[in-house]
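What follows is a single structure, written as structure tokens, with notes after it.
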There are 2 protein chains.
Amino acid sequence: MIEKKISEYLENAHEIFLPGVSLDVVILGYSENAIRVLLLKLKEYNLWALPGGFIAKNEDVDAATHKIVKERTGLEKLYFNQFHLFGKTGRNASFLQESSHAAKLSADARNWLNQRFVTVGYFALVRIDQVVPQPDILSEACDWLPVDQLPATILDHHEIVNTAIGHVRRQLNYFPVGLNLLPERFTISELQRLYECILNQKMDRGNFQRKILKLDILVRLEKLKTGGAHKAPYLYRFDRDKYQHKIQHGIGFI
Amino acid sequence: MIEKKISEYLENAHEIFLPGVSLDVVILGYSENAIRVLLLKLKEYNLWALPGGFIAKNEDVDAATHKIVKERTGLEKLYFNQFHLFGKTGRNASFLQESSHAAKLSADARNWLNQRFVTVGYFALVRIDQVVPQPDILSEACDWLPVDQLPATILDHHEIVNTAIGHVRRQLNYFPVGLNLLPERFTISELQRLYECILNQKMDRGNFQRKILKLDILVRLEKLKTGGAHKAPYLYRFDRDKYQHKIQHGIGFI
DNA sequence: GCAAAAGTGTTGGAAATACACCCATGC
DNA sequence: GCATGGGTGTATTTCCAACACTTTTGC
């Protein structure tokens, strides 16, 4: 059944999709003190790949991205950004060509797959706890893997992930990513650990607290009931209105 | 003769170039107190367009950009950067379809032109005085036009220019663009006027001087012999070694 | 001398840093 | 009590914006 779907998908691709352009999304989340990327484990290969796909002939590239991320994560409201086009020669869907499905395809379909592809890189920031990872028809598994310990991937997906991280890191100055990566309610320490993870450097506790609160985009909630042997920290959430207003006028955090 | 070249170019395009992907370069320069963009005036239309083109099937996208900028400017050593892929539906080479050349084309060639195109936006920073603008075969003129007074353009080229400016403006923090936009030797005031142009805001003279010199990427040269009724300012040039070193570690200017 | 632009100094306030100090809690 | 993590205070330093002062030059 699935097999048939794959064959159908590949057979019809050349009629439905733009030729030569694909799309890969670096879906980033944060859990257990690590920035993680959602990767798919391909059937028939011991390789991982970014979620991605093709762009329908009558579809905006942004819309195609939204659709892909929604399919893999189940999320509807998304923060995502295009960050780079990867256009080296020699990029193609080689891993599909060698698959067991390729043999059965028509010449048109095979030619379409064999052509060179440029790929548009997007990154998306999501709350890991809200995501139910969903493999696509070409993959057998779907998992959150820490970005600093990537497994073997197809093509240049390693480079795509690293470029994405660089962009997120630079965005941190203008854009408080916590809103998209943390659960609705969180403590300042949790936010600090996220920042330390992204920037890969320790920060002073007291100064971080003052600095982030002075941005005036957080709302303090009731105290956290924790089991820890220490003072219970406050919970905060983002004030979406103030947040929207601030990012338009630019914040300098770092 | 030219007419024949155009027909040949369009007729063969579908065999030589990647389908569905084009490339536009926002070539920026600075003169007479304005940031200027190199635009081409198309034959048969009263519209301007960015220098651009297609990507050969066996050519890196970056290499194609380099080739295009070199052809339009004559420059060999270039600073350029990819900044965005424009991927809305409905983008195509409509202006070419209606041209007098389109009628004579084969069905294959016409179909290739009629398809939807996504386009990769690049910006390049050049020294205007070193450039000899060179129209391409589809254009009758080639001129430096101030970015805040753009003429009517084809497609979304207006948006592409404005997006590019935004990127350059944000880069100013990490990247002292003066090296690429100013002549070899310049005064601090000239550099300040450039910054004021890009950021569209006045800056304090004394503070600008101290700030830019503290970056430690400029070398002071002999005095400028000026005809002005005032103290002759020093000339400076960029210290390329220090410059390269600094931009890798990031400078915070603004 | 005077106007104009350049180079440099000064100064008050803001912001960043590196801590120190208490607080609440579970064991 | 005490270890642990949280919230806040503070002294020091650094930085920055605003403006003043001086220098050089052509008229």
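A, B, ... follow the sequence lines: proteins, then strands. Residue 1 opens every chain.
Here the side chains of B:Trp144 and B:Ile128 are in contact, with some heavy-atom distance below 4.5 Å. Between B:Val126 and B:Leu28, the closest side-chain pair of non-hydrogen atoms is not below 4.5 Å. Between A:Ile217 and A:Asp239, every side-chain heavy-atom pair lies at or beyond the 4.5 Å cut-off.
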Counting primed atoms plus P, OP1 and OP2 as sugar-phosphate and everything else as base, spell out the protein contacts along nucleotides 8-13 of chain D at 4.0 Å heavy-atom distance: B, S or - for each nucleotide, 5' to 3'. BBB---

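Ring pair A:Phe238/A:Phe186 is tilted by interplanar angle, where 30° to 60° counts as tilted. Between A:Phe175 and A:Tyr79, the angle of the ring planes stays under 30°, which puts this pair in the parallel group of the 30/60° scheme. Ring geometry, A:Tyr195 versus A:Phe208: the interplanar angle exceeds 60°, so the pair is classed perpendicular (tilted spans 30 to 60°). Ring-plane geometry between A:His167 and A:Phe83 is classed as tilted, the angle between the planes lying from 30 to 60 degrees on a 0 to 90 degree scale.
Every stem involving DNA chain D, taken as at least 3 paired positions in a row under the Watson-Crick or G-U wobble test at 3.5 Å, is listed here: C:1-27 with D:1-27.
In this structure, B:Arg220 forms no cation-pi arrangement with B:Tyr236, as its terminal cationic atom is not both closer than 6.0 Å to the ring centre and no more than 45° off the ring axis.
Evaluation of the side-chain hydrogen bond (donor to acceptor under 3.5 Å, both in side chains) rule for B:Asp148 yields no partner, not counting sequence neighbours. Under the salt bridge (charged side-chain N to carboxylate O under 4.0 Å, His left out) criterion, B:Lys242 pairs with B:Asp216, not counting sequence neighbours.
The separation between A:Lys211 atom NZ and C:dA15 atom P is 12 Å, rounded to whole Å. Atom CG of A:Leu191 is separated from atom C1' of D:dG6 by 15 Å (rounded to the nearest Å). Rounded to whole Å, the distance from NZ on A:Lys202 to P on C:dT17 is 17 Å. Taking atom CG of B:Leu235 as the reference point, atom P of C:dA5 lies 17 Å away to the nearest angstrom. The CE-P distance, from A:Met203 to C:dA18, rounds to 12 Å in whole Å. Rounded to an integer number of Å, the gap from NZ of A:Lys214 to P of C:dT17 is 11 Å.
Residue A:Ser189 is classed as a sugar-phosphate contact, given heavy-atom separations below 4.0 Å to backbone atoms only.
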Protein N or O to nucleotides 23-27 of chain C N or O, pairs below 3.5 Å:
from: C:dA24; atom 1: N3; to: A:Lys231; atom 2: N; distance (Å): 3.0
from: C:dT25; atom 1: O4'; to: A:His230; atom 2: O; distance (Å): 3.3
from: C:dT25; atom 1: O2; to: A:Ala229; atom 2: O; distance (Å): 3.2
from: C:dT25; atom 1: O2; to: A:His230; atom 2: N; distance (Å): 3.2

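Pairs engaging residues 177-189 of chain B under the side chain to side chain donor-acceptor pair (under 3.5 Å) rule: B:Arg127-B:Glu184, B:Arg185-B:Glu222 [sequence neighbours left out].
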